[in-house]
Amino acid sequence: MNRLLFISMFPVACMLLSCSGDKGGYTADEEPKTKSKPNRIVYWNCNREFNDMNDTHLKAAQSVGIKPLASREEITGASKKLYMIGGPLRFGEPYVVDKLTHSSPFLVKEAVDLLHDIGNAFQDSLRNKHLPPYSVLVSSVLRTDEDVKKLTKRNINASQRSVHCYGTTVDISYKRFVKHDDEGKDANQAHLKAVLAEVLRDLKKQGRCYVKHEVKQACFHITVRK
């Protein structure tokens with residue numbers, strides 16, 4: 001029977017393979033002198049690769065997204081059409097939306113398209129690397145001013161104008177992923193993070209998005225550019 005499975009943190013030995021090295025890309029075996037072979041997992045320094053700051057995200061969000069909303073009651077009358085993401089849980093989807101407490105599952109079309117591309121590329125990469133099938137988990141989406149005020153009481157990072165207010169931005173967890181079924185061995189969490197980081201790095205290089213590696217929130221903070 002299909003079920004939701006969240007991958008927990010691995011011990012220190014495992015985390016030594018995660019995105020925390022001082023060098024560019026390297027494999028678990030050794031630093032390659034030439035380009036990595038196909039199907040091999042490449043690890044990146046996520047703090048260095050994904051360091052787009054809030055002002056950069058905000059400029060893109062204001063260009064592509066909606067005008068910030070005071071409350072959730074205003075979602076249907078947003079300045080630009082918003083699309084609902086998620087819905088009933090179906091395993092095998094490109095992404096799964098977590099239970100949201102301080103945001104609503106709505107995005108502008110450009111962000112929806114980006115999210116689908118992230119999820120599909122992640123699953124394609126898992127297949128190419130002979131890893132079991134998982135979906136990425138979206139942990140935060142659209143916030144209204146009301147949501148930000150409530151969140152500020154718990155998270156000091158939400159005290160400034162949140163980029164999430166424009167319908168252009170999602171947080172994708174790098175600690176939790178959704179396994180498609182109970183068959184086979186669970187994937188190493190560090191491997192899954194590395195694959196997701198590789199996907200985001202490619203899309204970032206293509207000019208599709210800005211990305212910030214959030215350590216405290218354990219997520220990739222992603223804003224669509226176009």
If you define the side chain from C-beta out and look only at heavy atoms, does anything of [X] sit under 4.5 Å from [Y]?
{"X": "Val141", "Y": "Asp171", "answer": "no"}
{"X": "Pro105", "Y": "Ile85", "answer": "yes"}
{"X": "Leu142", "Y": "Leu107", "answer": "no"}
{"X": "Tyr166", "Y": "Arg143", "answer": "no"}
{"X": "Phe50", "Y": "Lys212", "answer": "no"}

With sequence neighbours excluded, what pairs up with [X] under the side chain to side chain donor-acceptor pair (under 3.5 Å) test?
{"X": "Asp124", "value": "Arg127"}
{"X": "Asp113", "value": "Lys109"}
{"X": "Glu146", "value": "none"}
{"X": "Thr169", "value": "Thr223"}

Which residues satisfy the side-chain contact (heavy atoms from CB on, under 4.5 Å) test with [X], sequence neighbours excluded?
{"X": "Ser63", "result": "none"}
{"X": "Asp145", "result": "Pro68, Arg161, Cys165"}
{"X": "Asp117", "result": "Arg208"}

What's the verdict on side-chain hydrogen bond (donor to acceptor under 3.5 Å, both in side chains) for His102 and Ser140, showing C-alpha distance, side-chain angles and the deciding distance? CA-CA 8 Å; His102 291 86; Ser140 187; over 6 Å; no
Could you walk me through whether Leu131 and Asn188 satisfy the side chain to side chain contact (heavy atoms under 4.5 Å, CB included) test, starting with their C-alpha distance in whole Å, then the side-chain angles of each, then the deciding distance to 0.1 Å, before giving a yes or no? CA-CA 9 Å; Leu131 293 172; Asn188 184 314; over 6 Å; no
To the nearest 0.5 Å, tell me how far [X] [atom1] sits from [Y] [atom2].
{"X": "Tyr43", "Y": "Glu198", "atom1": "OH", "atom2": "CD", "result": "10.5 Å"}
{"X": "Ser103", "Y": "Lys150", "atom1": "OG", "atom2": "NZ", "result": "12.0 Å"}
{"X": "Met53", "Y": "Thr56", "atom1": "CE", "atom2": "OG1", "result": "8.0 Å"}
{"X": "Lys99", "Y": "Ser139", "atom1": "NZ", "atom2": "OG", "result": "15.0 Å"}
{"X": "Leu137", "Y": "Lys175", "atom1": "CG", "atom2": "NZ", "result": "13.5 Å"}
{"X": "Cys209", "Y": "Leu115", "atom1": "SG", "atom2": "CG", "result": "11.0 Å"}

If we count only N and O atoms by modelled type, under 3.5 Å, do the side chains of Ser125 and Asn128 hold a donor and an acceptor together?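 Result is no, nothing qualifies.
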Consider only side-chain N and O atoms of Thr144 and Glu74, and report whether a donor and an acceptor are under 3.5 Å apart.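 Their side chains do not contain a donor-acceptor pair, so the 3.5 Å distance test is not met.
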Which residues satisfy the ring-ring contact (aromatic ring centres under 6.0 Å, His included) test with Tyr174, sequence neighbours excluded?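 His213, Phe220.
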Among Thr168, Val138, Asp52, Ile172, which residue satisfies the side-chain contact (heavy atoms from CB on, under 4.5 Å) criterion with Ile222?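 Only one option passes, and that is Ile172.
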Start with the C-alpha gap between Val215 and Asn47, add the side-chain angles, then the distance that decides, and say whether side chain to side chain contact (heavy atoms under 4.5 Å, CB included) holds. CA-CA 9 Å; Val215 177; Asn47 287 330; 3.8 Å; yes
Step through it carefully: locate the ring centre of Phe122, locate the ring centre of Phe177, and say whether they are under 6.0 Å apart.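 They qualify: ring centres under 6.0 Å apart.
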Tell me whether Leu114 shares a hydrophobic cluster with Val163, the cluster being built from Ile, Leu, Val, Met, Phe, Trp, Tyr side chains joined at under 4.5 Å.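 No, it is not one cluster - the side chains of Leu114 and Val163 are not joined through contacts under 4.5 Å.
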Grouping I, L, V, M, F, W and Y whenever their side-chain heavy atoms are under 4.5 Å apart, do Leu58 and Leu151 come out in a common cluster?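 In one cluster: no.
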Below 3.5 Å, can you tabulate the donor-acceptor pairs from side chains in residues 199-207 to any protein atom, sequence neighbours excluded?
| unit_1 | atom_1 | unit_2 | atom_2 | d |
| --- | --- | --- | --- | --- |
| Arg201 | NE | Glu49 | OE1 | 3.2 |

Gln123/His180 under side chain to side chain contact (heavy atoms under 4.5 Å, CB included): CA gap, chis, key distance, verdict: CA-CA 11 Å; Gln123 293 183 358; His180 290 183; 3.5 Å; yes
Before giving the answer on side chain to side chain contact (heavy atoms under 4.5 Å, CB included), spell out for Tyr134 and Leu126 the whole-Å C-alpha distance, their side-chain angles and the decisive distance to 0.1 Å. CA-CA 8 Å; Tyr134 285 79; Leu126 291 179; 4.0 Å; yes
Can you name the closest pair of heavy atoms from Gly86 and Val97 and give their distance?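 Gly86 and Val97 have their closest heavy atoms at CA-CG2, 3.6 Å.
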Minimum-distance pair of heavy atoms, taken over all atoms of Ile66 and Gly167: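 That closest heavy-atom pairing would be CG1-N, 4.3 Å.
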Just grab all the ring-ring contact (aromatic ring centres under 6.0 Å, His included) pairs involving residues 55-82, residues at least two apart or on different chains.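 Sorted pair list: His57-His221.
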Got a sec, which residues hit salt bridge (charged side-chain N to carboxylate O under 4.0 Å, His left out) with Lys80, two or more places apart in sequence or on another chain?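 In terms of salt bridge (charged side-chain N to carboxylate O under 4.0 Å, His left out), with neighbours along the sequence ignored, Lys80 is linked to Glu110.
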How is the hydrophobic cluster of Tyr210 composed, in terms of its other members, when Ile, Leu, Val, Met, Phe, Trp and Tyr link through side-chain heavy atoms under 4.5 Å apart, directly or indirectly?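 None; Tyr210 is a cluster of one.
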